[in-house]
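Per chain, numbering begins at 1; letters A, B, ... match sequence-line order. Since this is a predicted model, take the numbers as computed values, not measurements.
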Amino acid sequence: MFRLPDHFFQSTDVVGISRALLGKFLVTNFEDRLTAGRIVETEAYRGPDDKACHAHLNRFTKRTQVMFEAGGVAYIYLCYGIHHLFNVVTAEAGMPHAILIRAIEPTDGIEIMQERRGMNTLKPQLTAGPGVMSKALGIDKAYTGISITDPGSPIWIEDRQEVLPPEDICSGPRIGIDYAEECKDWSWRFWIKGNRWVSKK
DNA sequence: CACGGGATCGTCT
DNA sequence: GACGATCCCGTGT
């Protein structure tokens with residue numbers, strides 16, 4: 001059970017890292033309130049050549065600049081004016097890759113997550129979907145750009161030595177990017193087979 | 001269960 | 001000034 005280090009995130013294979021994140025644990029600890037869940041769904045976004053990526057053609061703006069940092073920092077942005085979507089930046093500095101974490105299976109601090117979501121029952125809509133997952137974990141865009149590998153950072157990803165058989169990894173097109181032309185059908189969304197905490201079938 | 005629409009605001013044109 | 005890597009609720013079946 002340890003915090004994933006920078007080198008885990010600094011390979012150039014963003015698709016491979018997206019698969020490798022399945023079965024790891026996304027953890028937050030804000031004001032001594034620890035919440036976490038097992039990552040069950042991810043999507044890869046690959047900078048220059050991916051029309052679905054905010055940093056397509058190396059587009060560098062105030063919003064996208066953190067994607068150009070070395071792997072291991074958080075890229076969090078506001079979507080539809082409401083939802084704060086959490087990504088982890090990967091690759092070396094200057095290469096704008098990121099992975100969207102879309103869903104977790106709640107494991108720690110479940111009551112805290114329910115409170116943040118205003119729910120009193122435990123069901124997949126607590127954390128199935130990138131917007132609601134962030135809300136349950138207390139993540140918002142104020143944390144964009146922070147390292148998730150520094151000891152002491154309030155957001156990190158943990159390896160709890162769970163083994164996930166390769167045949168349990170499914171893939172398909174990414175969600176909500178139909179505008180991305182020839183990139184829209186790339187199978188860069190990954191999820192754990194049969195897991196009820198995944199956002200979509 | 002499928003759908004259709006509204007919420008809501010930062011970001012970029 | 002348009003739109004989005006979403007979600008939720010209302011309607012109809």
Donor-acceptor under 3.5 Å (Thr64(A) side chain, Thr61(A) main chain): yes
Could you please name the partner base of dA2(B), counting Watson-Crick and G-U wobble pairs only when both distances are under 3.5 Å? dT11(C)
Between dC9(B) atom P and Lys141(A) atom NZ, what is the distance in whole Å? 11 Å
When Glu105(A) is tested against each of Lys123(A), Arg38(A), Arg196(A) for salt bridge (charged side-chain N to carboxylate O under 4.0 Å, His left out), which residue passes? Arg38(A)
Please identify which of these residues, Arg59(A), Arg174(A), Lys184(A), meets the salt bridge (charged side-chain N to carboxylate O under 4.0 Å, His left out) condition with Asp50(A). Arg174(A)
Could you check how far CD of Gln65(A) sits from P of dG10(B), rounded to whole Å? 17 Å
Would you measure the distance from the C1' atom in dA5(C) across to the matching atom in dC3(B) and give it in whole Å? 22 Å
Polar contact flag, side-chain donor to acceptor under 3.5 angstrom, Arg189(A)-Ser18(A): no
Salt-bridge contact Arg160(A)-Glu162(A) (side-chain N to carboxylate O under 4.0 Å): no
Quick check: are there more than 12 heavy atoms from other residues, nucleotides or ligands sitting under 6.0 Å from CD of Glu111(A)? no
What does the B/S/- profile of nucleotides 1-7 of chain C look like, 5' to 3', with a 4.0 Å heavy-atom cutoff to protein? ---BBBS
